[in-house]
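Reading through the structure tokens given below for one structure.
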Amino acid sequence: MSLWTWSPLLLLLLLLHSICEVNAQVENRVVFLPGMFQNVNISQNETVQAMVSGIPPEVAFITLQFHTQHHNVTLSYNRMPSQDLSMTAVDSGLLSSLLPAQISLSLFLSSPNSDTVASIGVILPLSSTDPVPGACNMESNLDVDPNLNIHYNLYETTIRFAPANTGYARGNSPPLCDESTGANTRWRLQYDIYQYFLPENDLSERSLFSGIQAVADISGMMENGKHVMTLSSSDMSMAVFNSIPGQGIIYSVIVRDPLWNTSAPYVPVHTYACSFASTLDGCQTLGKVSTKVFFTITGLVGLFVCFFGHRFFKCELFCMGFSFAAFFFFVLITRTTELNYDLRLAVSAVIGVVGGVLLVMSWWRFGSVMACIVVVGLMLGFLIASTVFFTPLGDLDVFRQSDVVFWVTFCCIMIIVPLFFVRWPREGNICTCGIVGAYAVILAVNAYMYTSLSYITLNILKRLLNSNFSAMFTDVPFQTIDYILITVWVVLGVCGIVLQLYRERSRPFFPPSPYLMWMQERERRKTNVLDPSHHFPPLPNRLMARVRQLTKRMEPAGEHTPLLL
């Protein structure tokens, strides 16, 4: 077939291809209205154009922010992203300063990993008197960086941000950042840091997007979030928080200009302090099997101690000695070795068994109840001190900024509790069984279902293991499951204490030492000649007699003497 025959067909195909391209570009264009949220799906190898039109003349800056749950997205000023004109993150945003006559704006969104990503975006306008978030950026490649950089590990979550600058009108040059530190410069700005807790045990995308919509702007964060701290421009632009794996938290920074009484938000960021990509210990499979087995056994033993600890005194001592030794050596092993988590847990459990046996044997041999009760009282004191610092009292600057003040206060509270055991040893021991045993049940529940109550002791453990933990804010969410478990803790503790006090009311305060009882029985046998056991031969003689019976031929039972007439 000749070329002239193919030419009309080729022209038709080119025309159809151009029409498809135009339609695809139209389909990949999303129109935003200021303050209105928009759900955007980004397909593989696709670039979505975000359009803003009809911008009022009083708006001097526009912030476009996009949020996904765990996939990175690239937000760029150009269709082809470049390092200096784009931002790639889970929570990304770009700030654009508008020209005098500009009424429309276009930004571009794409998926850097060729994944299909669901995201939510919003446009927030700023006036010329509002401070400009991240306008004095000196760290990232962007000239203006309104984003919060977030990093987390097992212990801490850190957010950092670039300082803001004062606002200016369209077409004007931005004020210099570090020309002076006077009241007319950016050094008068203040930064309010907020956090917002997502629903517990909810890792859904819907929950995150609902939370983002609730706190993306200033009024939403101030109404729904919790104000944590305020930083001045002379402070370091960072904040450190306690990591809570599996708990979704949204962090936000609002910069305020006290001169103009205006404010502007940075782009909020969120974290679950865990990875959605990890198949071993990710957010969906949070909690190791070894941890679940360990704390399941702990919960069952705690339930037994809660209701029967004082009655079975040796079992209680073993459990308390086990907990005391296992906790202490877990901290010691973690601080001094590089063993993996499962091995550290196993070694701590073995050492805990040794500690429990030693405590029981010390009571069995020496019979000193008060020495054992001191260890039991320290366990209750540790839990009470941990609970005190779990409250907002633990976030006071005097305890956050000084480890010495914190640990002195903690140890004082911990030591005061055993002093009451000297006057009321039985009542103190029964209260410890009820309170500590019921809390062990709460820890077992936490192995399968997240609860903030586990951080009563976990915060103290983290502070022991991490030298920099004192600078962190240890706020945790209190939601429905926590109030339910507080009720369970109180009910179990009260029921266990009342039951044991009622059952032990007519019994001796503590059971006697078995070794001392054996010593007394032996002395009684030596001095009491009327006691049949006094005439028993010594144990070695009895053993030798038994051996002779086994080796000697038995005589027949018949009569061998002649009958006398």
Side-chain angles (χ1 to χ4, degrees), residues 152-157 240 242-246 273-275 278 280-282 285-302 305 316-362 372 374-383 385-386 389-390 394 403-404 406-408 410-411 414-415 436 439-440 442-444 446-448 453-472 474:
Y152 70 87
N153 55 31
L154 177 64
Y155 307 103
E156 62 185 17
T157 298
V240 185
N242 180 24
S243 290
I244 311 177
C274 57
S275 172
S278 175
L280 178 61
D281 193 23
T285 59
L286 197 61
K288 293 179 177 291
V289 175
S290 57
T291 303
K292 291 184 177 181
V293 171
F294 181 84
F295 282 103
T296 299
I297 297 174
T298 300
L300 295 175
V301 173
V305 170
E316 177 206 341
L317 289 182
F318 175 81
C319 295
M320 295 299 175
F322 175 90
S323 303
F324 190 88
F327 184 88
F328 177 80
F329 278 94
F330 182 82
V331 174
L332 182 63
I333 293 171
T334 304
R335 298 273 310 200
T336 58
T337 67
E338 299 293 334
L339 299 177
N340 62 53
Y341 174 80
D342 292 335
L343 192 55
R344 276 181 284 152
L345 196 63
V347 173
S348 301
V350 172
I351 297 177
V353 171
V354 175
V357 171
L358 290 177
L359 186 61
V360 174
M361 292 302 296
S362 64
C372 299
V374 167
V375 177
V376 175
L378 288 176
M379 293 295 298
L380 180 60
F382 176 84
L383 184 58
S386 301
F389 284 100
F390 181 71
D403 281 334
V404 175
F406 176 87
W407 288 116
V408 168
F410 186 91
C411 292
M414 184 175 172
I415 293 173
V436 176
Y439 182 72
I442 303 302
L443 290 180
N446 181 74
Y448 299 92
L453 297 182
S454 62
Y455 283 85
I456 292 176
T457 52
L458 188 58
N459 283 341
I460 304 301
L461 179 62
K462 287 184 175 182
R463 189 153 187 163
L464 286 169
L465 297 179
N466 186 5
S467 301
N468 298 322
F469 190 76
S470 59
M472 304 172 197
T474 57

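Values in this document were obtained by computation on a predicted structure and should not be read as measured data.
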Residue set satisfying side-chain contact (heavy atoms from CB on, under 4.5 Å) with S323, at least two apart, ordered chain then number -> M379

In this structure, OG1 of T296 is separated from CG of L300 (nearest 0.5 Å) by 7.0 Å

Hits for side-chain contact (heavy atoms from CB on, under 4.5 Å) against V301, two or more places apart or cross-chain, chain-then-number order -> I297, V305, C319

Does the pair F327 and L461 meet the rule for a side-chain contact (heavy atoms from CB on, under 4.5 Å), with working shown?
CA-CA 9 Å; F327 184 88; L461 179 62; 4.0 Å; yes

Begin with the C-alpha distance, continue with both residues' side-chain angles, and end with the deciding distance and a verdict on ring-ring contact (aromatic ring centres under 6.0 Å, His included) for F324 and F382.
CA-CA 10 Å; F324 190 88; F382 176 84; 9.0 Å; no

- prompt: Taking the side chain from R463 and the backbone from W407, do they hold a donor-acceptor pair closer than 3.5 Å?
  reply: no

Those residues at least two apart in sequence (or on a different chain) that pass side-chain contact (heavy atoms from CB on, under 4.5 Å) with L383 are T387, I435, V436, Y439, I456, T457, W489

**Item:** K462 side chain vs Y455 backbone, donor-acceptor pair below 3.5 Å
**Value:** no

CG (N242) and CG (N459) are apart, to the nearest 0.5 Å, by 4.5 Å

Heavy-atom nearest pair, A325 first then I351, reads CB-O, 3.9 Å

Using the rule given for side-chain contact (heavy atoms from CB on, under 4.5 Å), can you reason through F330 versus V347, listing the C-alpha separation, both sets of side-chain angles and the distance that settles it, and then say yes or no? CA-CA 8 Å; F330 182 82; V347 173; over 6 Å; no

The side-chain contact (heavy atoms from CB on, under 4.5 Å) partners of A385 (sequence neighbours excluded) come to F410, I413

Separation between OG (S348) and CZ (F322), nearest 0.5 Å, reads 8.5 Å

Here the gap from F294 atom CZ to L345 atom CG, rounded to the nearest 0.5 Å, amounts to 5.5 Å

CD1 of I244 to SG of C274, rounded to nearest 0.5 Å, is 11.5 Å

Between G302 and A440, the two heavy atoms sitting closest are CA-CB, 3.8 Å

Taking every heavy atom of R335 against every heavy atom of L464, the minimum-distance pair comes out as NH1-O, 2.7 Å

Taking every heavy atom of K292 against every heavy atom of A447, the minimum-distance pair comes out as CE-O, 3.4 Å

Scanning both residues in full, the closest heavy-atom pair of Y152 with S243 reads CB-OG, 4.2 Å

Across all chains, not counting sequence neighbours, the side chain to side chain donor-acceptor pair (under 3.5 Å) partners of T337 are none

Contacts of T334 meeting side chain to side chain donor-acceptor pair (under 3.5 Å) (sequence neighbours excluded), chain-then-number -> R344

Distance col, row F406:CZ vs I460:CD1, nearest 0.5 angstrom, shows 4.0 Å

